[in-house]
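Each ligand, and each atom within it, is numbered from 1 in the order the structure gives.
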Amino acid sequence: VRTRVLAEISAASDVAALDDIRVAALGKKGEVSLMMRGLGKMSPDEKKIMGPALNGLKADLNAAVDARKTDLENAALDAALASETMDMTLPVGKPNGTLHPVSQVMEEMAAIFSDMGFSVAEGPDIEDDFHNFTALNFPPGHPARDMHDTFFLEDGEKVLRTHTSPVQIRTMINQKPPIRIIAPGRTYRSDSDQTHTPMFHQVEGLVIDKGIHMGHLKGVLMDFVSAFFETDVDVQFRPHHFPFTEPSAEMDVRYERDGAAIKIGQGEKWMEILGCGMVHPNVLRACGLDPDEYQGFAFGMGVDRLAMLKYGMPDLRDMFASDTRWLSHYGFDP
Ligand code: PHE
């Protein structure tokens, strides 16, 4: 029995087969167990010999099973390690990151304005009352302040900038004319629906020089929209009011619906895409410029809105939901 079972154990090809052999020999109804049960019918002299012999057999077989089991498990692990090795030099299967549509659109805008001689200026997201309102000709208590749905910081002094126009002030204070800048960045208003998110993006524009007039403003903006939408775009300027420009206007682009999509440039409808105007003399003065010497124009446009229009996105809130399916659908290969 010993020789045969030991031979079976060493021939077992896997852990399951080994277990079958163990049960057949050492299980409750196994060969060795039955032999041990036979001890009861033996004479005391036979027992004295057979008892220790069977116990030894049982112990030896158990030890052999355990040893074989360890060998089989090690062999299985080696095989797994050999077949599952990783080739660290293989290219990973994951897609590369993509540019967020807002970043892409800001880069497109910067490239278009750069061709027209504009450089990029920046300002802080956390602004003070002077730059966000007062220097922009919103006197304290002026009702136009209420229209901005401002987020105030707890210190009661600072605000999350409600527009990129404070960068106009910072630029005019720090830089001598001629000035030709755009200021892309984040802006904040307490507002949320399909076309408004509490954090959104604007691109501000500012030109200050001698003899600047509204014709320059119209020319720059008309050239911009045609370059941005990559087609001839019909625009209209509608009189409007901003405290920091006079006269002020909003610019609309012609569009039509094409099923769910929106086609820019043609059609019967007008969509507002930006505010603009000639820099108010009070703003020039607040920045130490003489309105009799220098004039200028400014504009501010919603980047997220322009991205939606250009790439046909239905809901502005999707932009900032961080859904990777949306991001990889609309993202741009950097
Ligand atoms: N700051 C204005 C807004 O956020 C836009 C604007 C900028 C208008 C510059 C005129 C000139 O609504």
Quick one: look up the protein heavy atom nearest atom 2 (C) of ligand 1 and list residue, atom name and how far away it is.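 Protein heavy atom at minimum distance: Phe244 CZ, 3.7 Å.
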
Please report whether the ring centroid of His329 lies less than 6.0 Å from that of Tyr311.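 No; His329 has its ring centre 6.0 Å or more from that of Tyr311.
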
Close aromatic pair by centroid cut-off 6.0 Å: Tyr188 and His148: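 Tyr188 vs His148: aromatic centres not under 6.0 Å.
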
Using ring-ring contact (aromatic ring centres under 6.0 Å, His included) as the criterion, list what pairs up with Phe228, not counting sequence neighbours.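 With neighbours one apart ignored, the set is Phe224.
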
Interfacing atoms of ligand 1 (cut-off 4.0 Å, heavy-atom, [X]):
X      : value
Gly300 : 6 (C), 7 (C), 9 (C)
Cys276 : 8 (C), 10 (C), 11 (C)
Phe299 : 7 (C), 9 (C), 11 (C)
Ser165 : 1 (N), 7 (C)
Gln168 : 9 (C)
Gly275 : 6 (C), 8 (C), 10 (C)
Ala298 : 9 (C), 11 (C)

Look at ligand 1 and say whether Gln202 reaches it with a heavy atom at a distance under 4.0 Å.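 A heavy atom of Gln202 does come that close to ligand 1.
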
Please confirm whether [X] comes within less than 3.5 Å of ligand 1 when only nitrogen or oxygen atoms on both sides are compared.
X      : value
Glu204 : no
His163 : yes
Thr162 : no

Using 30° and 60° as the class limits, which term best fits the ring planes of His142 and His241: parallel, tilted or perpendicular?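 His142 vs His241 ring planes: parallel.
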
Do Arg254 and Asp234 meet the salt-bridge criterion of a basic N to acidic O distance under 4.0 Å?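 Salt bridge between Asp234 and Arg254, a charged N being under 4.0 Å from a carboxylate O: yes.
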
Any salt bridge between Glu272 and Arg238, counting N to O under 4.0 Å?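 Answer for the salt bridge query: no.
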
I need the contact type for Ser248 against ligand 1. Using non-hydrogen atoms and a strict under-4.0 Å cut-off, is it side chain, backbone, both or neither?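 Looking at Ser248 and ligand 1, no heavy atom falls under 4.0 Å.
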
Pick whichever of His148, Arg189, His280 has a heavy atom sitting closest to atom 3 (C) of ligand 1.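 That would be Arg189.
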
Could you tell me whether the side chains of Gln202 and Thr187 share a donor-acceptor contact shorter than 3.5 Å?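 On atom types as modelled, these side chains do not qualify, holding no pair under 3.5 Å.
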
Just checking, is any N or O donor in the side chain of Thr197 or Asp304 under 3.5 Å from an acceptor N or O on the other one?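 On atom types as modelled, these side chains do not qualify, holding no pair under 3.5 Å.
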
Pairs satisfying ring pair (Phe, Tyr, Trp, His ring centres under 6.0 Å), at least one member in residues 265-301, at least two apart: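 Listed by first then second residue: Phe113-Phe299.
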
